[in-house]
Amino acid sequence: MSSHERARGPREAPVDAARRAAYDVLHEVGSADAYANLALSQIQRSHELSVRDAGFCTEVVNGTLRYRGLLDAVIAEASGRPTDKLDPRVLDVLRMGTYQLLLMDTDAYAAVDTSVNLVRSVAGEAPAGLVNAVLRKVSTRTDQQWLKKLSAQQPGSDEQLALEFSHPTWIVSALRDALGPKRADQLPALLAANNQPPSVTLAARPGLSTADDLLAAGASPGRWSPYAAVAPRGPVGSFPPVRDRRAGVQDEGSQLVTAALAHAEVEGADTTWVDLCAGPGGKVALLSALGALRGASTVGVELHPHRAELIVNSVSRVPGFAGVVVGDSRQPPIRPGVDRVLLDVPCTGLGVVRRRPELRWRRTPSDVPALKKLQTQLLTAALDLVRPGGVVAYVTCSPHIAETELVVSSVVRRRDDVVVEDSRGLFPGVTDLGDGPNVRLWPHLHGTDGMFFSLMRRR
């Protein structure tokens with residue numbers, strides 16, 4: 001039995017470090033809107049967890065965030081009260097305990113006992129009885145039995161799928177729309193894929209390393225990108241090619257859309273490439289390296305000075321990288337007439353909820369209109385920046401229709417100097433790319449983040 005599952009006395013028992021660290025992360029995410037991955041890394045270091053306890057903590061944090069919708073429904077039923085009426089500290093402990101009981105192999109006694117000890121340490125003695133009673137009631141059913149008890153909607157409806165796969169209903173509806181009628185039957189598979197923790201994928205940086213170099217250092221092969229490899233287990237920052245900045249962490253979908261822009265045909269001079277939304281730096285690194293193979297220089301644009309400095313520190317060794325300009329990409333501080341522009345716009349991030357599970361609960365439908373306005377302004381600026389004959393790649397890590405096709409169509413129909421080209425040929429070897437002209441990558445089909453890619457050419 002591991003240290004975080006050992007039964008102890010009811011009052012004098014210390015709280016094990018793994019569960020306390022997990023609680024601290026969830027508290028930061030809930031109360032301070034922290035990014036779960038950053039808070040997890042910082043708090044695990046502060047608790048000095050063993051490798052085994054760090055793995056347990058990571059599982060509890062990400063699983064509790066991922067399945068929050070289902071957990072809250074079970075807690076509300078078992079407690080007889082809405083979750084928004086519970087002390088947030090108590091609710092976090094109940095979520096952790098319920099996740100362990102229903103979706104992990106944790107012994108029921110250990111899950112209940114350690115949760116009671118934990119709530120005493122963070123909220124005092126008063127709620128200990130409540131936590132004990134609720135979790136004991138939770139433990140009387142399996143996750144499937146609870147799901148059957150709680151299901152009141154028509155099978156296959158957005159509401160039922162939202163409960164079963166623990167997504168907000170509005171996101172389920174948005175993903176159904178994005179899949180379209182031909183792929184509507186794939187919606188359960190997509191939602192299930194969003195609940196599978198992704199591998200850590202690396203991108204070799206041409207001129208500094210190759211995918212074969214990453215494999216020789218202990219990585220595993222990627223699936224689609226010629227630059228991709230899957231990182232070995234352990235801290236990725238200590239993996240030699242990443243530590244030496246010859247490779248970086250980058251999802252294969254991001255690699256594919258970057259390479260697609262680099263491989264698009266351009267007539268005439270092809271020496272000046274721009275990444276208009278360069279943070280956090282993965283795409284500008286790969287784009288710079290690919291541009292250098294053809295004698296091109298790549299400049300990044302970043303709104304925030306501290307992020308620009310982080311990009312430079314990370315990417316400075318990459319061939320072809322010409323630096324980062326700090327400025328607002330809606331009015332880019334770069335002279336018009338460039339040859340290629342990569343525009344990976346800020347978005348809801350609904351395509352990366354498997355990697356950032358807290359996003360599904362943090363985003364709301366009201367976020368979409370403001371983001372769409374910003375995306376439209378950025379795309380207009382990108383098209384003004386590129387020369388006639390040059391190309392712009394519009395990219396999002398959201399499949400939402402309002403952030404993808406609707407942005408592209410709203411901008412293009414107001415211009416007579418832009419054409420949308422069929423992008424599918426820029427993704428050689430990648431299957432299930434749809435009917436074109438734009439390309440969507442999906443977690444359940446491609447194993448990548450959910451990505452949208454549209455290639456536009458100035459005429």
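Worth knowing before you read on, the calculation uses all heavy atoms, side chains too, and leaves out hydrogens, waters and symmetry mates.
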Notebook entry, point to check: Looking at Asp435 and Arg424, does any basic side-chain N land under 4.0 Å from a carboxylate oxygen?
Noted result: no
Check: Given the rule in the salt bridge (Lys or Arg N to Asp or Glu O under 4.0 Å) test, do Arg362 and Asp367 qualify, once you have shown the distances and angles that lead to the verdict?
Finding: CA-CA 10 Å; Arg362 188 169 289 171; Asp367 294 328; over 6 Å; no
Margin query: Donor-acceptor check, side chain of Gln375 to backbone of Val345, threshold 3.5 angstrom: yes or no?
Written below: no
Notebook entry, point to check: Partners of His306 by side-chain contact (heavy atoms from CB on, under 4.5 Å), sequence neighbours excluded?
Noted result: His304
Check: For Val236, which residues count as a side-chain contact (heavy atoms from CB on, under 4.5 Å) partner, sequence neighbours excluded?
Finding: Val200, Leu202, Ala231, Val242, Val249
Checklist line | Residues in salt bridge (charged side-chain N to carboxylate O under 4.0 Å, His left out) contact with Glu405, at least two apart in sequence or another chain | finding: Arg440
Notebook entry, point to check: Considering all heavy atoms of both residues, which atom of Val392 and which atom of Ala382 are nearest to each other, and what is their separation?
Noted result: CG2-O, 3.7 Å
Item checked: Side chain Ser173, main chain Thr169, donor-acceptor under 3.5 Å -> yes
Next item on the list: Using the test ring pair (Phe, Tyr, Trp, His ring centres under 6.0 Å), find all partners of Tyr99 that sit at least two apart in sequence or belong to another chain.
Entry: none
Next item on the list: Any salt bridge (charged side-chain N to carboxylate O under 4.0 Å, His left out) involving residues 319-332? Give me the pairs, sequence neighbours left out, ordered by first then second residue.
Entry: Asp328-Arg330
Next item on the list: Evaluate the ring planes of Trp224 and His446, with Trp represented by its six-membered ring, and classify them as parallel (under 30°), tilted (30 to 60°) or perpendicular (over 60°).
Entry: perpendicular
Next item on the list: Could I get the full list of side-chain contact (heavy atoms from CB on, under 4.5 Å) partners for Ala289, not counting sequence neighbours?
Entry: Pro206, Val318
Check: Does the distance from a Lys or Arg side-chain N to an Asp or Glu carboxylate O, for Arg354 and Asp251, drop under 4.0 Å?
Finding: yes
Between side-chain atoms of residues 36-43 and protein atoms elsewhere (two or more places apart, or another chain), which donor-acceptor pairs fall under 3.5 Å?
unit_1	atom_1	unit_2	atom_2	d
Ser41	OG	Arg45	NH1	2.7

Next item on the list: For Glu302, check salt bridge (charged side-chain N to carboxylate O under 4.0 Å, His left out) against everything at least two apart and list the hits.
Entry: Arg307
Next item on the list: Sequence neighbours left out, what passes ring pair (Phe, Tyr, Trp, His ring centres under 6.0 Å) with Phe427? Give chain and number order.
Entry: Phe453
Next item on the list: List in chain and number order the residues that pass side-chain contact (heavy atoms from CB on, under 4.5 Å) with Ser329, two or more places apart in sequence or in another chain; answer none if no residue qualifies.
Entry: Leu276, Val301, Leu378
Checklist line | Pair Asp417 + Arg459, salt bridge at N-O below 4.0 Å | finding: no
Notebook entry, point to check: Do NZ/NE/NH1/NH2 and the carboxylate oxygens of Lys283 and Asp344 come within less than 4.0 Å?
Noted result: yes
Next item on the list: Using salt bridge (charged side-chain N to carboxylate O under 4.0 Å, His left out) as the criterion, list what pairs up with Arg223, not counting sequence neighbours.
Entry: none
Note to self: Between Asp213 and Arg246, does any NZ, NE, NH1 or NH2 come within less than 4.0 Å of an OD or OE carboxylate oxygen?
What the structure shows: no
Donor-acceptor pairs are to be reported for all side-chain atoms of residues 22-31 against protein atoms at under 3.5 Å, with residues two or more places apart or in another chain.
unit_1	atom_1	unit_2	atom_2	d
Asp24	OD1	Arg20	NE	2.9
Asp24	OD2	His47	NE2	3.0
Ser31	OG	His27	O	2.6

